[in-house]
Structures are given as structure tokens and as C-alpha cells.
> 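For reference, the structure I am asking about is given below.
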Amino acid sequence: MAAKSEEFQKKFQTEAEKYAGLNKKLNKLVTQSQTLETQLNENQMVKDELDITRDDARVFKLVGPVMVPQTVDDAKTNVNRRIDFIKAELKRNSDVVESVTKDVTAQRDILSALEMQARQMAGPGVGPS
Amino acid sequence: MAPQKNAASKEASSPSSAVAPGGGPPQGNVINLMALAPQQLAQLKQQVEQELNFYQDAIIQLKEVQMKMQESNNCLKSLDPEKKEMLVPVTGSMFVKGELEEADKVWIDVGTGYYVEKTIEEAQDYFKRKVEFLTGQIEKVQSVGREKSTVRQAITEVLETKMVQMQMAHAQQQRKTTKT
């Protein structure tokens with residue numbers, strides 16, 4: 001009986017750890033998504049601004065410590081490319097988030113099943129430990 | 001820079017992990033507060049409070065940016081294209097005399113490292129638009145924040161009712177046991 005419960009305890013522990021790990025992963029992904037979202041917003045604002053800029057205006061891009069001159073057209077294509085890239089990245093990220101969310105739910109079900117089992121094993125009359 | 005979306009959920013069924021990816025629309029998320037256990041209510045309350053804090057911080061940030069924009073706009077007003085002389089700061093406490101070559105144009109940092117040349121009028125228009133945009137954003141966040149604080153109020157009230165109910169039930173139980 002003692003050996004059995006010890007084994008059970010071990011199993012429970014590994015499953016709980018798995019659950020925590022998945023949750024951590026999910027959190028990280030969500031943070032990543034938020035960062036991407038912020039970047040997308042910023043780029044979108046730059047795009048809007050460039051769209052209403054005169055075509056012959058001078059534009060510089062700050063690259064490290066130097067200002068590189070660019071035409072408005074070049075700047076627009078660059079920003080658009082960047083926006084497309086971020087959108088693709090966001091899409092990829094949200095797909096992963098979806099699958100990890102599923103994993104988390106599944107793992108939670110496993111855990112609660114184990115919890116039930118533990119309560120049954122403890123049996124009536126024995127208080128929760 | 002402006003935090004417009006946040007992905008916080010209020011899933012009542014799973015209070016242990018409340019991370020909602022994507023942040024879906026909250027309509028499908030109606031919770032009957034009375035049906036929740038006090039412990040769940042407390043958890044929910046905490047979550048709502050966290051969200052409230054988030055919105056309040058967002059508002060502060062937005063207002064800061066707005067002030068900066070306003071300041072830049074004010075500076076433009078005092079920039080006279082005819083007066084080209086100025087002191088250029090070399091360090092915080094040392095300056096050299098300089099002369100502006102193009103005093104009727106300014107460079108504006110529009111984000112992600114891009115700088116756009118604008119005339120003073122264009123620049124003023126830019127800052128005006130930014131300030132208006134930020135005002136709109138602040139209003140949006142404020143309205144969401146108000147909603148949240150109503151929710152918090154509701155949760156607090158239900159929680160208090162529950163507490164009173166529990167106390168009354170407890171007292172009744174005791175009376176019964178003392179009678180028999």
C-alpha cells in the first residue's frame with residue numbers, strides 16, 4: 001500500500017511538472033504575441049505617416065549610429081515588407097498558441113483525474129492531506 | 001507604443017490558469033456571479049483588479065506621450081524661421097554658437113527609426129494629429145477601465161452578500177446544535 005501510494009505520488013508530481021512547464025510555455029508565447037502586436041502597431045503608424053508624406057520629402061532611416069538617406073518609396077516598401085513579416089510571424093505564433101492551449105487543457109484534465117483518484121485512494125474517514 | 005490590446009480573460013471555469021491567447025471578444029463570457037464559490041469570486045476579483053491596474057498604467061503612459069507631443073508642438077510655435085542663431089549643446093553644460101541653415105524645416109521621428117523632413121506647418125499638423133489620436137486612445141482605455149471597475153464593484157458586492165449568507169448559515173447551525 002505504501003509503495004503504491006509512493007508510486008502514485010511520483011506520477012502525480014511528474015504530471016504536475018508537465019502542466020507547469022506547458023503553462024510557462026504558453027505564457028512565453030502570449031508575451032511574444034504581444035510584443036509582435038506592439039511592433040505591428042508601430043509599423044502601421046509609420047506606414048500611415050509615410051503614406052501622407054510628400055513624395056519628394058527627404059527621409060532618413062536610423063541604422064545604429066548613422067542616418068541613412070532613403071527615398072519615400074523605398075521607405076514605404078521597407079515598412080510594408082516589415083509589416084508583412086510581422087503579420088506572418090503573428091499568424092505562426094497564434095497557431096502555436098492554439099496547439100499549446102490544447103495541450104494545457106489536456107494536461108489539466110489528466111491532473112484533475114489524478115486528483116480524484118487520490119481522493120478515492122485516501123478513502124472515507126481520512127482527511128485531505 | 002500604445003498598448004491597445006490586451007489578452008486577459010475571465011474564465012470562471014478554470015481559475016487556476018487564466019491566459020487567453022488572442023483576447024477574444026468578451027460577449028460569450030457571461031458569468032453568473034451568484035453561482036460562483038467565494039474563493040472563485042476572490043480570484044476573479046483579483047484578476048479584474050490586475051486588469052484595472054493595467055489600464056490605469058496604460059492611461060498614464062498615453063498621457064505622458066501626449067504631453068511630449070504637445071511640448072514639441074509648442075516648441076514649433078516658438079521656432080522663428082528668421083532667427084537662425086542658436087546655441088548648440090555639446091554637453092549638458094557646454095554650448096557652441098551655431099546658425100541654422102534651414103530654419104523652416106524640421107525632422108520628425110515617426111517611429112521604427114524613420115525620420116521625415118517636414119515644414120513647420122506640416123510638423124504642426126503631425127503633432128496635432130498625434131495628440132488627437134492619443135486623446136481617442138485614452139478615451140477608449142478609460143471606457144474599458146470604467147467597465148472593469150463596474151465589474152469589480154459587482155464582484156465585491158456579491159462576495160459580501162455571500163459572506164453574510166455564510167455567517168448566517170453558520171449561526172443557524174450552531175443554534176440547532178445547542179438546542180438538541
Side-chain angles (χ1 to χ4, degrees), chain A residues 19-20 22-34 37-50 52-54 56-64 67-70 72 75-76 78-79 82-83 86 90 93-101 104-105 107-109 111-112, chain B residues 1-9 11 13-24 50-51 54 57-58 61-62 65-66 69 72 101-102 104-134 136-137 140-141:
Chain A
Y19 178 63
L22 280 169
N23 251 330
K24 216 170 153 190
K25 203 167 150 196
L26 185 62
N27 269 330
K28 214 174 132 197
L29 282 165
V30 170
T31 321
Q32 243 166 37
S33 279
Q34 278 167 347
E37 196 88 48
T38 320
Q39 281 176 355
L40 184 64
N41 273 333
E42 197 178 349
N43 275 283
Q44 207 88 52
M45 278 203 308
V46 175
K47 180 187 144 60
D48 290 345
E49 196 51 44
L50 287 174
I52 55 166
T53 308
R54 282 175 294 114
D56 59 339
R58 283 187 290 174
V59 177
F60 280 83
K61 166 103 174 113
L62 186 67
V63 185
M67 298 271 261
V68 185
Q70 274 189 334
V72 176
K76 274 186 197 167
N78 279 339
V79 173
R82 183 100 191 102
I83 286 174
I86 294 171
L90 256 177
N93 214 292
S94 76
D95 287 347
V96 183
V97 165
E98 210 171 295
S99 89
V100 175
T101 311
V104 167
T105 322
Q107 191 63 30
R108 188 161 57 219
D109 289 346
L111 261 189
S112 50
Chain B
M1 216 210 267
Q4 287 151 341
K5 282 186 180 173
N6 103 312
S9 78
E11 258 183 292
S13 55
S14 57
S16 53
S17 83
V19 190
Q50 258 174 19
E51 284 173 40
F54 175 84
D57 287 350
Q61 268 181 24
L62 285 167
V65 180
Q66 197 182 29
M69 294 288 170
S72 298
E101 204 167 297
E102 276 185 318
D104 53 345
K105 285 192 175 127
V106 289
W107 293 88
I108 290 179
D109 179 2
V110 294
T112 62
Y114 284 100
Y115 289 76
V116 180
E117 181 192 54
K118 284 184 185 300
T119 63
I120 294 197
E121 291 88 68
E122 282 170 337
Q124 275 173 338
D125 178 57
Y126 170 84
F127 287 122
K128 211 179 121 211
R129 265 188 291 131
K130 285 287 152 189
V131 170
E132 272 163 21
F133 170 76
L134 286 163
Q137 293 296 318
K140 263 192 220 163
V141 178

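Atoms considered below: every heavy atom in the structure, side chains included; atoms not considered: hydrogens, waters and symmetry mates.
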> Could you tell me which portion of A:Leu90 (side chain, backbone, both or neither) has an atom closer than 4.5 angstrom to a non-hydrogen atom of chain B?
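For A:Leu90, neither part sits under 4.5 Å from chain B.
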
> Considering only heavy atoms, which portion of A:Arg54 lies under 4.5 Å from any heavy atom of chain B: side chain, backbone, both, or neither?
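Only the side chain of A:Arg54 comes within 4.5 Å of chain B.
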
> If the test is side chain to side chain contact (heavy atoms under 4.5 Å, CB included), which one of A:Thr53, A:Asn43, A:Leu62, A:Val46 qualifies with B:Tyr114?
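Among the candidates, only A:Val46 passes.
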
> Testing the basics here: between A:Lys61 and B:Thr112, what is the closest heavy-atom pair and its distance to 0.1 Å?
NZ-O, 2.8 Å

> Looking at side-chain heavy atoms only, is the closest gap between B:Arg129 and A:Asp48 below 4.5 Å?
no

> How many angstroms lie between atom CD of A:Glu49 and atom NZ of B:Lys130, to the nearest 0.5 angstrom?
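Output value for this atom pair is 5.5 Å.
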
> If you count heavy atoms of other groups shown closer than 6.0 angstrom to NZ of A:Lys76, is the number above 12?
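Yes, enclosed.
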
> Heavy-atom distances under 4.5 Å only: say whether A:Gln39 touches chain B with side chain, backbone, both or neither.
neither

> Can you list everything that forms a ring pair (Phe, Tyr, Trp, His ring centres under 6.0 Å) with A:Phe60? Sequence neighbours excluded, please.
B:Trp107

> For A:Leu29, which atoms come within 4.5 Å of any heavy atom of chain B: side chain, backbone, both, or neither?
neither

> B:Glu102: what forms a side-chain hydrogen bond (donor to acceptor under 3.5 Å, both in side chains) with it, not counting sequence neighbours?
A:Arg58

